Amino acid sequence: MITVFANPDRFMALSRYLTPILAAAAAALFAWGLPQALVTSPPDYQMGETVRIMYVHVPAAWWALGLYAAMGMASFVSLVWRHVLADVAARAMAPVGAVLAALCLITGSLWGRPTWGTWWEWDARLTSMLVLFITYIGYLALWAAIEDAQRAARLAAILCLVGLINLPIIRFSVDWWYTLHQPASVLRLGGSAIDPAMLSPLLIMAGAFACAAASITLLGMRSLIHRRQALAAELRLARSAP
Amino acid sequence: MRKRNQRLIVIAVALGLLSLAAGLTLFGLRGNVQYFQSPSEIDAKARAGQMVRLGGLVEAGSIARDDAGALIFSVTDGAASKSVRYEGDPPDLFREGQGVVAIGRYQPGAVFEADQILARHDETYMPREAKEALERSGLWKGPQS
(Lines give C-alpha, C1' and ligand atoms only; values in the text may rest on other atoms or scores of the structure.)
Protein backbone atom coordinates (compact mmCIF):
# COMPACT_ATOMS: atom_id res chain seq x y z
CA MET A 1 0.00 0.00 0.00
CA ILE A 2 2.83 2.35 0.86
CA THR A 3 4.40 1.80 -2.56
CA VAL A 4 1.17 2.87 -4.25
CA PHE A 5 1.19 6.25 -2.54
CA ALA A 6 4.96 6.60 -2.60
CA ASN A 7 5.08 6.92 -6.36
CA PRO A 8 5.83 10.62 -6.99
CA ASP A 9 4.15 10.63 -10.41
CA ARG A 10 0.95 9.26 -8.97
CA PHE A 11 1.19 11.74 -6.10
CA MET A 12 1.56 14.65 -8.50
CA ALA A 13 -1.44 13.49 -10.54
CA LEU A 14 -3.60 13.08 -7.45
CA SER A 15 -2.50 16.20 -5.56
CA ARG A 16 -3.08 18.35 -8.63
CA TYR A 17 -6.81 17.98 -8.03
CA LEU A 18 -6.78 17.40 -4.28
CA THR A 19 -4.97 20.68 -3.47
CA PRO A 20 -7.61 23.07 -4.90
CA ILE A 21 -10.46 20.84 -3.68
CA LEU A 22 -9.14 21.03 -0.10
CA ALA A 23 -8.58 24.78 -0.44
CA ALA A 24 -12.18 25.23 -1.58
CA ALA A 25 -13.41 23.05 1.30
CA ALA A 26 -11.40 25.18 3.74
CA ALA A 27 -12.86 28.40 2.29
CA ALA A 28 -16.40 26.98 2.54
CA LEU A 29 -15.89 25.82 6.12
CA PHE A 30 -14.39 29.18 7.16
CA ALA A 31 -17.33 30.98 5.52
CA TRP A 32 -19.69 28.75 7.51
CA GLY A 33 -17.80 28.66 10.81
CA LEU A 34 -16.31 32.14 11.21
CA PRO A 35 -19.61 34.07 11.48
CA GLN A 36 -20.80 31.55 14.07
CA ALA A 37 -17.54 31.63 16.00
CA LEU A 38 -17.10 35.40 15.99
CA VAL A 39 -20.70 36.68 16.02
CA THR A 40 -23.65 34.35 16.53
CA SER A 41 -22.34 31.84 19.10
CA PRO A 42 -23.20 32.75 22.71
CA PRO A 43 -20.70 34.46 25.04
CA ASP A 44 -19.39 32.33 27.91
CA TYR A 45 -21.08 32.61 31.32
CA GLN A 46 -17.75 33.48 32.95
CA MET A 47 -15.45 34.91 30.30
CA GLY A 48 -18.02 36.70 28.18
CA GLU A 49 -16.93 37.57 24.64
CA THR A 50 -13.31 36.61 25.30
CA VAL A 51 -14.29 32.97 24.74
CA ARG A 52 -14.24 33.65 20.97
CA ILE A 53 -10.45 33.34 21.03
CA MET A 54 -11.08 29.63 21.63
CA TYR A 55 -12.32 29.13 18.06
CA VAL A 56 -8.85 29.97 16.74
CA HIS A 57 -6.70 28.89 19.68
CA VAL A 58 -8.01 25.33 20.03
CA PRO A 59 -7.99 24.30 16.32
CA ALA A 60 -4.49 25.80 16.00
CA ALA A 61 -3.33 23.76 19.01
CA TRP A 62 -4.97 20.53 17.77
CA TRP A 63 -3.42 20.68 14.32
CA ALA A 64 -0.04 21.89 15.55
CA LEU A 65 0.04 18.59 17.48
CA GLY A 66 -1.66 16.62 14.69
CA LEU A 67 0.78 17.77 12.04
CA TYR A 68 3.71 16.94 14.28
CA ALA A 69 2.33 13.41 14.77
CA ALA A 70 1.96 13.08 10.99
CA MET A 71 5.53 14.39 10.55
CA GLY A 72 6.67 11.73 13.02
CA MET A 73 5.00 9.01 10.95
CA ALA A 74 6.49 10.35 7.72
CA SER A 75 9.94 10.56 9.35
CA PHE A 76 9.63 6.98 10.54
CA VAL A 77 8.70 5.80 7.02
CA SER A 78 11.57 7.86 5.63
CA LEU A 79 14.12 6.33 8.00
CA VAL A 80 12.99 2.72 7.55
CA TRP A 81 11.88 2.59 3.91
CA ARG A 82 13.84 5.57 2.52
CA HIS A 83 11.00 7.01 0.49
CA VAL A 84 11.61 10.44 -1.01
CA LEU A 85 7.93 11.31 -0.76
CA ALA A 86 7.99 10.74 3.02
CA ASP A 87 10.86 13.25 3.37
CA VAL A 88 9.00 15.72 1.19
CA ALA A 89 5.80 15.26 3.21
CA ALA A 90 7.53 15.80 6.56
CA ARG A 91 9.45 18.81 5.27
CA ALA A 92 6.27 20.39 3.81
CA MET A 93 4.27 19.89 7.02
CA ALA A 94 6.86 21.58 9.25
CA PRO A 95 6.27 25.26 8.33
CA VAL A 96 2.49 24.77 8.52
CA GLY A 97 2.81 23.19 11.96
CA ALA A 98 5.20 25.92 13.11
CA VAL A 99 2.73 28.63 12.09
CA LEU A 100 -0.11 26.83 13.89
CA ALA A 101 1.99 26.39 17.04
CA ALA A 102 2.87 30.11 16.94
CA LEU A 103 -0.79 31.00 16.42
CA CYS A 104 -1.71 28.82 19.40
CA LEU A 105 0.90 30.52 21.61
CA ILE A 106 -0.02 34.04 20.51
CA THR A 107 -3.79 33.61 20.85
CA GLY A 108 -3.22 31.81 24.16
CA SER A 109 -1.23 34.74 25.45
CA LEU A 110 -3.90 37.21 24.33
CA TRP A 111 -6.51 35.05 26.04
CA GLY A 112 -4.48 34.55 29.21
CA ARG A 113 -4.17 38.26 29.90
CA PRO A 114 -7.91 38.99 30.42
CA THR A 115 -8.85 35.61 31.95
CA TRP A 116 -5.90 34.56 34.10
CA GLY A 117 -4.35 37.99 34.56
CA THR A 118 -1.03 37.19 32.87
CA TRP A 119 0.44 37.08 29.35
CA TRP A 120 2.72 34.15 30.09
CA GLU A 121 3.48 31.75 32.93
CA TRP A 122 5.95 28.88 32.92
CA ASP A 123 3.43 26.18 33.67
CA ALA A 124 3.81 22.69 32.16
CA ARG A 125 1.25 23.15 29.37
CA LEU A 126 2.51 26.51 28.15
CA THR A 127 6.15 25.48 28.39
CA SER A 128 5.68 22.15 26.57
CA MET A 129 3.79 23.95 23.79
CA LEU A 130 6.66 26.44 23.47
CA VAL A 131 9.04 23.46 23.21
CA LEU A 132 6.92 22.11 20.32
CA PHE A 133 7.23 25.44 18.49
CA ILE A 134 11.00 25.49 19.04
CA THR A 135 11.22 21.88 17.80
CA TYR A 136 9.45 22.88 14.58
CA ILE A 137 11.88 25.77 14.11
CA GLY A 138 14.86 23.51 14.90
CA TYR A 139 13.62 20.94 12.39
CA LEU A 140 13.38 23.58 9.66
CA ALA A 141 16.77 25.02 10.61
CA LEU A 142 18.35 21.56 10.32
CA TRP A 143 16.95 21.15 6.80
CA ALA A 144 18.27 24.58 5.86
CA ALA A 145 21.70 24.00 7.39
CA ILE A 146 22.61 20.79 5.54
CA GLU A 147 23.19 21.04 1.81
CA ASP A 148 22.99 17.34 0.92
CA ALA A 149 19.25 16.59 0.76
CA GLN A 150 19.61 12.93 1.76
CA ARG A 151 21.71 13.69 4.81
CA ALA A 152 19.41 16.56 5.78
CA ALA A 153 16.38 14.29 5.45
CA ARG A 154 17.92 11.60 7.66
CA LEU A 155 19.04 13.96 10.44
CA ALA A 156 15.79 15.94 10.37
CA ALA A 157 13.81 12.69 10.59
CA ILE A 158 15.78 11.66 13.67
CA LEU A 159 15.20 15.06 15.29
CA CYS A 160 11.49 14.77 14.48
CA LEU A 161 11.23 11.33 16.12
CA VAL A 162 13.02 12.58 19.24
CA GLY A 163 10.57 15.49 19.42
CA LEU A 164 7.62 13.07 19.33
CA ILE A 165 8.18 12.48 23.06
CA ASN A 166 6.80 15.97 23.64
CA LEU A 167 3.34 15.20 22.22
CA PRO A 168 2.03 13.07 25.13
CA ILE A 169 3.66 15.55 27.53
CA ILE A 170 1.67 18.43 25.99
CA ARG A 171 -1.52 16.38 25.91
CA PHE A 172 -1.35 15.11 29.50
CA SER A 173 0.55 17.97 31.18
CA VAL A 174 -2.72 19.36 32.51
CA ASP A 175 -3.60 15.99 34.07
CA TRP A 176 -0.19 15.01 35.42
CA TRP A 177 0.67 18.28 37.14
CA TYR A 178 -0.99 21.31 38.67
CA THR A 179 -1.03 23.84 35.83
CA LEU A 180 -2.48 27.28 35.29
CA HIS A 181 -4.04 25.97 32.07
CA GLN A 182 -7.32 24.12 32.61
CA PRO A 183 -7.72 20.42 31.67
CA ALA A 184 -9.04 19.27 28.27
CA SER A 185 -12.63 20.29 27.43
CA VAL A 186 -13.46 18.25 24.34
CA LEU A 187 -11.42 15.04 24.36
CA ARG A 188 -12.01 14.02 27.96
CA LEU A 189 -13.54 11.16 29.94
CA GLY A 190 -17.24 11.76 30.44
CA GLY A 191 -17.67 13.67 27.16
CA SER A 192 -17.26 17.27 26.12
CA ALA A 193 -17.60 20.01 28.74
CA ILE A 194 -18.42 22.59 26.08
CA ASP A 195 -22.01 23.58 25.46
CA PRO A 196 -23.30 22.29 22.06
CA ALA A 197 -23.88 25.91 20.95
CA MET A 198 -20.12 26.50 21.30
CA LEU A 199 -18.91 23.02 20.36
CA SER A 200 -20.38 23.01 16.85
CA PRO A 201 -18.65 26.22 15.67
CA LEU A 202 -15.45 24.92 17.28
CA LEU A 203 -15.64 21.67 15.30
CA ILE A 204 -16.43 23.53 12.06
CA MET A 205 -13.41 25.76 12.63
CA ALA A 206 -11.29 22.68 13.39
CA GLY A 207 -12.44 21.20 10.06
CA ALA A 208 -11.61 24.44 8.26
CA PHE A 209 -8.12 24.53 9.81
CA ALA A 210 -7.58 20.87 8.87
CA CYS A 211 -8.54 21.42 5.21
CA ALA A 212 -6.43 24.58 4.99
CA ALA A 213 -3.42 22.85 6.58
CA ALA A 214 -3.77 19.83 4.28
CA SER A 215 -4.09 22.00 1.19
CA ILE A 216 -1.05 24.12 2.08
CA THR A 217 0.95 20.97 2.88
CA LEU A 218 0.11 19.44 -0.52
CA LEU A 219 1.05 22.70 -2.20
CA GLY A 220 4.37 22.67 -0.34
CA MET A 221 5.00 19.03 -1.29
CA ARG A 222 4.31 19.79 -4.94
CA SER A 223 6.71 22.70 -5.00
CA LEU A 224 9.42 20.65 -3.22
CA ILE A 225 9.00 17.86 -5.81
CA HIS A 226 9.15 20.39 -8.66
CA ARG A 227 12.33 21.77 -7.18
CA ARG A 228 13.88 18.29 -6.93
CA GLN A 229 12.92 17.59 -10.54
CA ALA A 230 14.42 20.90 -11.67
CA LEU A 231 17.67 20.16 -9.80
CA ALA A 232 17.83 16.68 -11.33
CA ALA A 233 17.26 18.09 -14.83
CA GLU A 234 19.97 20.68 -14.24
CA LEU A 235 22.41 17.92 -13.22
CA ARG A 236 21.55 15.90 -16.32
CA LEU A 237 22.12 18.92 -18.54
CA ALA A 238 25.43 19.71 -16.89
CA ARG A 239 26.55 16.10 -17.37
CA SER A 240 25.51 15.90 -21.00
CA ALA A 241 27.21 19.19 -21.87
CA PRO A 242 30.59 18.72 -23.58
CA MET B 1 14.90 -6.34 2.90
CA ARG B 2 17.30 -7.38 5.64
CA LYS B 3 18.75 -3.92 5.93
CA ARG B 4 15.30 -2.41 6.21
CA ASN B 5 14.43 -4.74 9.09
CA GLN B 6 17.69 -3.83 10.76
CA ARG B 7 16.83 -0.13 10.54
CA LEU B 8 13.36 -0.84 11.89
CA ILE B 9 14.81 -2.62 14.92
CA VAL B 10 17.41 0.08 15.56
CA ILE B 11 14.77 2.82 15.42
CA ALA B 12 12.33 0.88 17.58
CA VAL B 13 15.00 0.23 20.23
CA ALA B 14 16.20 3.86 20.11
CA LEU B 15 12.65 5.20 20.50
CA GLY B 16 12.01 2.77 23.34
CA LEU B 17 15.14 3.90 25.18
CA LEU B 18 14.32 7.53 24.51
CA SER B 19 10.79 7.13 25.91
CA LEU B 20 12.25 5.41 28.95
CA ALA B 21 14.72 8.27 29.46
CA ALA B 22 11.98 10.87 29.06
CA GLY B 23 9.71 8.94 31.41
CA LEU B 24 12.42 8.73 34.08
CA THR B 25 13.22 12.43 33.67
CA LEU B 26 9.57 13.38 34.10
CA PHE B 27 9.29 11.04 37.07
CA GLY B 28 12.34 12.67 38.66
CA LEU B 29 10.96 16.14 37.99
CA ARG B 30 7.41 15.42 39.09
CA GLY B 31 7.51 17.64 42.18
CA ASN B 32 9.21 20.52 40.39
CA VAL B 33 6.92 20.66 37.38
CA GLN B 34 3.92 21.54 39.54
CA TYR B 35 2.92 25.06 38.70
CA PHE B 36 1.47 25.64 42.16
CA GLN B 37 1.20 23.97 45.57
CA SER B 38 -2.04 23.16 47.35
CA PRO B 39 -2.87 24.49 50.85
CA SER B 40 -2.42 20.92 52.22
CA GLU B 41 1.17 20.57 51.07
CA ILE B 42 2.52 24.11 51.20
CA ASP B 43 3.43 24.12 54.91
CA ALA B 44 5.46 20.92 54.47
CA LYS B 45 7.14 21.90 51.22
CA ALA B 46 7.85 25.62 51.31
CA ARG B 47 10.72 27.29 53.18
CA ALA B 48 10.35 30.69 54.86
CA GLY B 49 11.00 33.53 52.44
CA GLN B 50 10.74 31.28 49.39
CA MET B 51 8.79 32.49 46.34
CA VAL B 52 5.85 30.08 46.00
CA ARG B 53 2.56 29.78 44.16
CA LEU B 54 -0.37 28.75 46.29
CA GLY B 55 -3.23 27.31 44.26
CA GLY B 56 -6.73 25.99 44.88
CA LEU B 57 -10.29 27.23 44.92
CA VAL B 58 -11.44 30.50 46.46
CA GLU B 59 -13.36 29.35 49.52
CA ALA B 60 -17.06 30.28 49.47
CA GLY B 61 -17.87 33.18 51.79
CA SER B 62 -14.23 34.00 52.52
CA ILE B 63 -13.77 37.11 50.34
CA ALA B 64 -13.45 40.33 52.37
CA ARG B 65 -11.46 43.57 52.61
CA ASP B 66 -9.38 44.39 55.69
CA ASP B 67 -9.03 47.87 57.31
CA ALA B 68 -6.24 48.81 54.91
CA GLY B 69 -8.46 47.95 51.95
CA ALA B 70 -6.50 44.84 51.04
CA LEU B 71 -8.27 41.79 49.67
CA ILE B 72 -8.58 38.86 52.11
CA PHE B 73 -9.71 35.42 51.07
CA SER B 74 -9.04 31.73 51.70
CA VAL B 75 -7.65 29.22 49.23
CA THR B 76 -8.89 25.69 49.77
CA ASP B 77 -8.26 22.27 48.24
CA GLY B 78 -11.11 20.64 50.13
CA ALA B 79 -8.83 19.21 52.83
CA ALA B 80 -7.04 22.34 54.07
CA SER B 81 -7.37 26.06 53.53
CA LYS B 82 -5.02 29.00 53.83
CA SER B 83 -5.68 32.71 54.26
CA VAL B 84 -4.35 35.05 51.59
CA ARG B 85 -3.94 38.81 51.70
CA TYR B 86 -3.49 40.81 48.50
CA GLU B 87 -3.20 44.55 47.99
CA GLY B 88 -4.81 45.40 44.70
CA ASP B 89 -7.57 44.29 42.40
CA PRO B 90 -7.83 40.64 41.37
CA PRO B 91 -8.48 39.53 37.74
CA ASP B 92 -12.05 39.51 36.39
CA LEU B 93 -12.48 35.75 36.80
CA PHE B 94 -11.63 35.88 40.51
CA ARG B 95 -14.72 34.75 42.38
CA GLU B 96 -15.94 32.29 44.99
CA GLY B 97 -15.53 28.64 44.07
CA GLN B 98 -13.23 29.55 41.19
CA GLY B 99 -9.66 28.34 40.73
CA VAL B 100 -6.99 30.80 41.84
CA VAL B 101 -3.19 31.00 42.12
CA ALA B 102 -1.62 33.40 44.63
CA ILE B 103 2.07 34.19 44.08
CA GLY B 104 4.21 35.53 46.90
CA ARG B 105 6.85 34.86 49.56
CA TYR B 106 6.00 32.06 51.95
CA GLN B 107 6.05 32.78 55.69
CA PRO B 108 5.17 29.84 57.93
CA GLY B 109 2.01 30.13 59.97
CA ALA B 110 1.24 33.68 58.91
CA VAL B 111 -1.31 34.82 56.40
CA PHE B 112 0.03 34.34 52.86
CA GLU B 113 0.96 37.75 51.45
CA ALA B 114 0.42 37.59 47.69
CA ASP B 115 2.23 39.88 45.24
CA GLN B 116 0.13 38.66 42.35
CA ILE B 117 -3.20 36.89 41.93
CA LEU B 118 -3.99 34.78 38.87
CA ALA B 119 -7.41 33.33 38.13
CA ARG B 120 -7.80 29.82 36.77
CA HIS B 121 -10.84 28.69 34.90
CA ASP B 122 -12.20 25.19 34.54
CA GLU B 123 -12.85 23.22 31.36
CA THR B 124 -16.57 24.06 31.24
CA TYR B 125 -17.79 26.49 28.59
CA MET B 126 -21.46 27.41 28.31
CA PRO B 127 -23.73 30.39 27.60
CA ARG B 128 -25.16 32.32 30.53
CA GLU B 129 -28.68 31.03 29.81
CA ALA B 130 -27.53 27.40 30.05
CA LYS B 131 -25.94 28.11 33.43
CA GLU B 132 -29.09 29.85 34.70
CA ALA B 133 -31.22 26.91 33.53
CA LEU B 134 -28.93 24.54 35.45
CA GLU B 135 -29.20 26.72 38.55
CA ARG B 136 -32.99 26.77 38.34
CA SER B 137 -33.16 22.99 38.10
CA GLY B 138 -30.71 22.65 40.99
CA LEU B 139 -28.18 20.73 38.90
CA TRP B 140 -25.52 23.47 38.98
CA LYS B 141 -22.28 22.31 40.60
CA GLY B 142 -19.88 25.03 39.45
CA PRO B 143 -18.76 28.29 41.02
CA GLN B 144 -21.18 30.96 42.22
CA SER B 145 -21.02 34.24 40.37
Side-chain angles (χ1 to χ4, degrees), chain A residues 41-48 50-51 54 58 72 75-76 79-82 111-118 121-128 157-158 161-166 168-169 172-174 176-186 188 190 192-199 202, chain B residues 3-12 14-15 18-19 21-23 25-27 29-38 41 53 55-56 77 89-95 98-101 103 116-132 134-135 140 142-143 145:
Chain A
S41 69
D44 182 65
Y45 77 107
Q46 295 232 44
M47 282 180 264
T50 325
V51 75
M54 173 179 75
V58 172
S75 298
F76 183 75
L79 280 176
V80 178
W81 287 280
R82 302 272 154 89
W111 199 4
R113 180 61 216 164
T115 46
W116 299 336
T118 179
E121 284 296 319
W122 295 99
D123 90 332
R125 170 54 73 79
L126 276 59
T127 309
S128 56
I158 292 170
L161 289 184
V162 172
L164 270 184
I165 300 283
N166 194 21
I169 298 178
F172 295 109
S173 55
V174 288
W176 290 341
W177 303 295
Y178 291 142
T179 51
L180 185 59
H181 196 287
Q182 72 283 3
S185 295
V186 179
R188 73 197 266 273
S192 159
I194 301 187
D195 191 273
M198 297 164 158
L199 186 60
L202 177 62
Chain B
K3 219 167 177 188
R4 186 186 299 165
N5 283 341
Q6 221 170 23
R7 286 201 295 263
L8 194 67
I9 292 166
V10 168
I11 293 168
L15 280 182
L18 201 68
S19 313
T25 310
L26 292 175
F27 184 72
L29 279 173
R30 68 201 180 284
N32 299 319
V33 180
Q34 307 292 3
Y35 177 70
F36 56 81
Q37 291 167 359
S38 68
E41 56 193 16
R53 305 189 190 95
D77 58 2
D89 293 313
D92 289 349
L93 279 190
F94 176 86
R95 53 194 74 162
Q98 188 76 25
V100 70
V101 177
I103 305 171
Q116 196 186 0
I117 298 284
L118 300 177
R120 291 185 79 233
H121 67 89
D122 59 19
E123 64 271 38
T124 316
Y125 298 83
M126 64 175 84
R128 193 175 295 278
E129 303 83 63
K131 188 223 170 193
E132 284 164 2
L134 281 178
E135 277 177 336
W140 180 247
S145 55

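Each chain gets a letter, A, B and so on, in the order its sequence line appears, and its residues count up from 1. Here the structure is a predicted model, which means the values were calculated and not measured.
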Say you draw a straight line from [atom1] of [X] to [atom2] of [Y]; how long is it, rounded to the nearest 0.5 Å?
X	Y	atom1	atom2	result
A/D44	B/L93	CG	CG	8.5 Å
A/E121	B/R53	CD	CZ	5.5 Å
A/W81	B/L8	CH2	CG	5.5 Å

Heavy-atom pair of closest approach, residues A/D195 and B/P127: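 In terms of heavy atoms, the two residues are closest at CG-CD, 3.3 Å.
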List the atom of A/V80, the atom of B/R7, and the distance in Å for their closest heavy-atom pair.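 Taking every non-hydrogen atom into account, O-NH2, 2.7 Å.
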Using the side-chain contact (heavy atoms from CB on, under 4.5 Å) rule, take A/T127 and B/Y35 through it: C-alpha gap first, then chi angles, then the decisive distance, then the call. CA-CA 11 Å; A/T127 309; B/Y35 177 70; over 6 Å; no
Is there a side-chain contact between [X] and [Y], using heavy atoms and a 4.5 Å cut-off?
X	Y	answer
B/R128	A/P43	no
A/P114	B/D92	no
A/L202	B/Y125	no
B/S19	A/I165	yes

For [X], which atoms come within 4.5 Å of any heavy atom of chain B: side chain, backbone, both, or neither?
X	result
A/R125	neither
A/V174	neither
A/I169	side chain

If you count heavy-atom pairs under 4.5 Å with chain A, which of B/H121, B/E129, B/Q116, B/Q37 comes out on top?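 Looking at each of B/H121, B/E129, B/Q116, B/Q37 in turn, B/H121 comes out on top.
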Top contributor to chain A contacts, counting heavy-atom pairs under 4.5 Å, from B/T124, B/V33, B/L18: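 When all of B/T124, B/V33, B/L18 are compared, B/V33 has the most.
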What part of B/P91 lies closer than 4.5 angstrom to a heavy atom of chain A: side chain, backbone, both or neither?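 Looking at B/P91, just its side chain touches chain A.
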Can you tell me which portion of B/I11 sits under 4.5 Å from chain A's heavy atoms? Options are side chain, backbone, both or neither.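 Side chain only.
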A/R113: partners by salt bridge (charged side-chain N to carboxylate O under 4.0 Å, His left out), with sequence neighbours left out: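 Not a single residue meets the salt bridge (charged side-chain N to carboxylate O under 4.0 Å, His left out) criterion with A/R113.
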Just by distance, do the side chain of B/Q34 and the backbone of A/Y178 share a donor-acceptor pair under 3.5 Å?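 Answer holds: yes.
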Looking at B/E123, is its backbone amide N or carbonyl O close enough to the side chain of A/S185 to form a donor-acceptor pair, meaning the two atoms are under 3.5 Å apart?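 Yes; judged by distance alone, with no hydrogens or angles, the pair exists.
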Mind checking what makes side chain to side chain donor-acceptor pair (under 3.5 Å) contact with B/R120, not counting sequence neighbours?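 Per chain and number, B/R120 pairs via side chain to side chain donor-acceptor pair (under 3.5 Å) with no residue.
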As an exercise: rank A/N166, A/T118, A/L180, A/V51 by heavy-atom pairs under 4.5 Å with chain B and give me the winner.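 If we count pairs closer than 4.5 Å to chain B, A/L180 comes out on top.
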